[in-house]
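What follows is a single structure, written as structure tokens, with notes after it.
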Amino acid sequence: MEKIFKWFRSIFMVMALLMAFQVCLNAQNKVDSLTDELKTEIFKRMKHFTFGFYVDAYYNGTINSKSDTSNLVPFASNCPVQNQIRMNVAAIEIGYTADKVRGMLALQFGDAPDLLALPESQFIKNLRQANFGFHVSKKLWLDFGYFINPVGLESTWPVLNDLSTVSIGGYYEPGSVLGVKLTWNASDKFSGGIMFGNPYSLAYEKNTHIAALIFINYQPTPRLTFNYNNVFGNQAVKNAQVKNDILYNNFIVQYDPVDQLFFTGQLDFAAQTNSRMSPDTNKIATMFSGLIEVKYLFLSKFAITGRYEFFNDYDGFLSGVYSYNNKQRGLFTQGFSAGLEFKPIKIGYIRMEYRHLYADHGNDVFMSGKSDQLQSVVFTTGIRF
């Protein structure tokens, strides 16, 4: 009897151990299941994110720069320090795009963001953009935050340009905007929208006046694109007694007749109230600037680009007033650039550019006020993915 009791006890203990082990296995499976669900959810959400990284280094060699007492190149939107190997931009980009919501955060460091930040706007210099938006309807998006201004073809990021340097007209274009944006994607050929906010740039001081912007994009054929962008509003600083209402217009045409050839034209026209030079200070002042650019691809990894540019701010309401042969007037410059690009990989580039700028009427605005011309050879290399 005792042997039978011990035998049943042994069987019971074995069954109890097996049941306990099975419970542990079930519990472990349950935990694994929850972990897998969590992983699945994370990966599901991560598929809406994009991550980017960008670095650009440069050397801006100024020709005949012995008489120049400054190491900064005037009117430079990037590559601003001469005769040194420097870092233009080091940036991180994070994007999120889903059916009903989207967002973008881009942080930047280097010479370009440091140069273009006003002293009172230093807190924002490392932000290239930081915004989010909602899909209001099938063709409408409503976004809030800090945006890249749609005015202008050129960027302070060389990777986005065919030539690394930015024209003087591009230097004086309105800067990024902190506000709200409504975008209408009408069709594959037509889109546009409107923005309201406060612009940040060298030419337009930060103030309490809200500016409005309109942007329109039309692509009648895959090889032809038209863009019109503008900014309008009071650009006078806070508490100023006189209003400086500006209408800044930007027109861009891009035409690619064949796969290897690209033509680009840009014209800017601005008018601002109460901005003429003395004695007509209550009248409207105007500014014209523009560029023509041609790019040709060859041997699959090489490209050559040429650009002509001009900038004419007669009353100096953007550029300030200079002396031309004992006559007062705003900045008037012309110039051309030619560049060669080699792309060893799709995400990287190496460029060499020759640039020649000159100011008409003998205005010495280059070389620390000692020359009316600026010649430089600029090397840039970068990678972005």
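Bear in mind the structure is a predicted one, so any value in this text is a computation, not a measurement.
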May I ask you to check whether over 12 heavy atoms, not counting those of [X], lie within 6.0 Å of atom [atom1]?
X	atom1	value
Ile345	CD1	yes
Asn64	CG	no
Asn282	CG	yes
Met352	CE	no
Tyr314	OH	no
Leu267	CG	yes
Trp141	CH2	yes

Can you check side-chain contact (heavy atoms from CB on, under 4.5 Å) on Ile216 and Asn227, steps first, answer last?
CA-CA 6 Å; Ile216 300 172; Asn227 302 97; over 6 Å; no
Please walk me through it: do Leu213 and Asn229 pass side-chain contact (heavy atoms from CB on, under 4.5 Å)?
CA-CA 7 Å; Leu213 301 88; Asn229 313 284; over 6 Å; no
Say whether [X] and [Y] are linked into one hydrophobic cluster, either directly or through other cluster members, by side-chain heavy-atom distances under 4.5 angstrom.
X	Y	value
Met287	Val151	yes
Phe269	Leu153	no
Met87	Ile347	yes
Leu163	Phe298	no
Phe49	Met104	no

Pair Tyr308 and Phe336, ring centroids less than 6.0 Å apart:
no
Would you compute the distance between atom [atom1] of [X] and atom [atom2] of [Y] and round it to the nearest 0.5 angstrom?
X	Y	atom1	atom2	result
Phe134	Leu142	CZ	CG	8.0 Å
Ser289	Leu331	OG	CG	11.0 Å
Tyr59	Ile85	OH	CD1	7.5 Å
Gln129	Phe147	CD	CZ	9.0 Å
Gln328	Tyr322	CD	OH	12.0 Å
Asp56	Thr381	CG	OG1	7.5 Å

Which atoms form the tightest heavy-atom contact between [X] and [Y], and what is the distance?
X	Y	result
Gly152	Asn250	N-OD1, 2.9 Å
Arg128	Thr156	NH1-OG1, 3.7 Å
Gln108	Val89	CB-CG1, 4.3 Å
Pro158	Tyr349	CB-OH, 4.0 Å
Ala130	Leu127	CB-CD2, 3.9 Å
Ala359	Phe366	N-CE1, 4.0 Å

Is there a donor-acceptor pair closer than 3.5 Å between any side-chain N or O of [X] and the backbone N or O of [Y]?
X	Y	result
Gln272	Ser275	no
Thr62	Ser65	no
Asn244	Asn234	no
Lys301	Phe342	no
Tyr58	Val81	yes
Ser376	Val378	no
Arg276	Lys283	no

Under a 3.5 Å threshold, yes or no: a donor from one side chain and an acceptor from the other, between [X] and [Y]?
X	Y	value
Glu293	Thr264	no
Ser167	Glu154	yes
Gln266	Glu309	no
Thr69	Ser368	yes
Asp268	Tyr172	no
Thr165	Glu353	yes
Tyr354	Gln375	yes

Inspect the contact between [Y] and [X] and indicate whether a charged nitrogen and a carboxylate oxygen are less than 4.0 angstrom apart.
X	Y	answer
Glu93	Arg384	yes
Asp364	Lys370	no
Arg86	Asp111	yes
Arg329	Asp360	no
Arg102	Asp143	yes

Go through the steps for Thr97 and His48 under the test side-chain contact (heavy atoms from CB on, under 4.5 Å), then give the verdict.
CA-CA 5 Å; Thr97 303; His48 297 292; 5.8 Å; no
Is Phe310 close to Phe288 at the side-chain level, that is, under 4.5 Å between some pair of heavy atoms?
yes
Quick one, Leu224 and Phe226 - any side-chain contact, counting heavy atoms below 4.5 Å?
yes
If you apply the rule side-chain contact (heavy atoms from CB on, under 4.5 Å), what do you find for Glu173 with Tyr248, and how did you get there?
CA-CA 9 Å; Glu173 286 174 341; Tyr248 194 109; 3.3 Å; yes
Quickly, which of Thr380, Asn60, Asn88, Thr305 forms a side-chain hydrogen bond (donor to acceptor under 3.5 Å, both in side chains) with Ser164? Name it, please.
Thr380
If the test is ring pair (Phe, Tyr, Trp, His ring centres under 6.0 Å), which one of Tyr54, Phe53, Phe51 qualifies with Phe385?
Phe53
Please test Tyr228 against Phe215 for ring pair (Phe, Tyr, Trp, His ring centres under 6.0 Å), starting from the C-alpha separation and ending with a verdict.
CA-CA 6 Å; Tyr228 169 71; Phe215 53 97; over 10 Å; no
Looking at residues at least two apart in the chain, or sitting in another chain, which of them share a salt bridge (charged side-chain N to carboxylate O under 4.0 Å, His left out) with Glu341?
Arg351
What residues, two or more places apart in sequence or in another chain, satisfy salt bridge (charged side-chain N to carboxylate O under 4.0 Å, His left out) together with Asp68?
none
The single option from Leu357, Val365, Val166 passing side-chain contact (heavy atoms from CB on, under 4.5 Å) against Phe75:
Val365
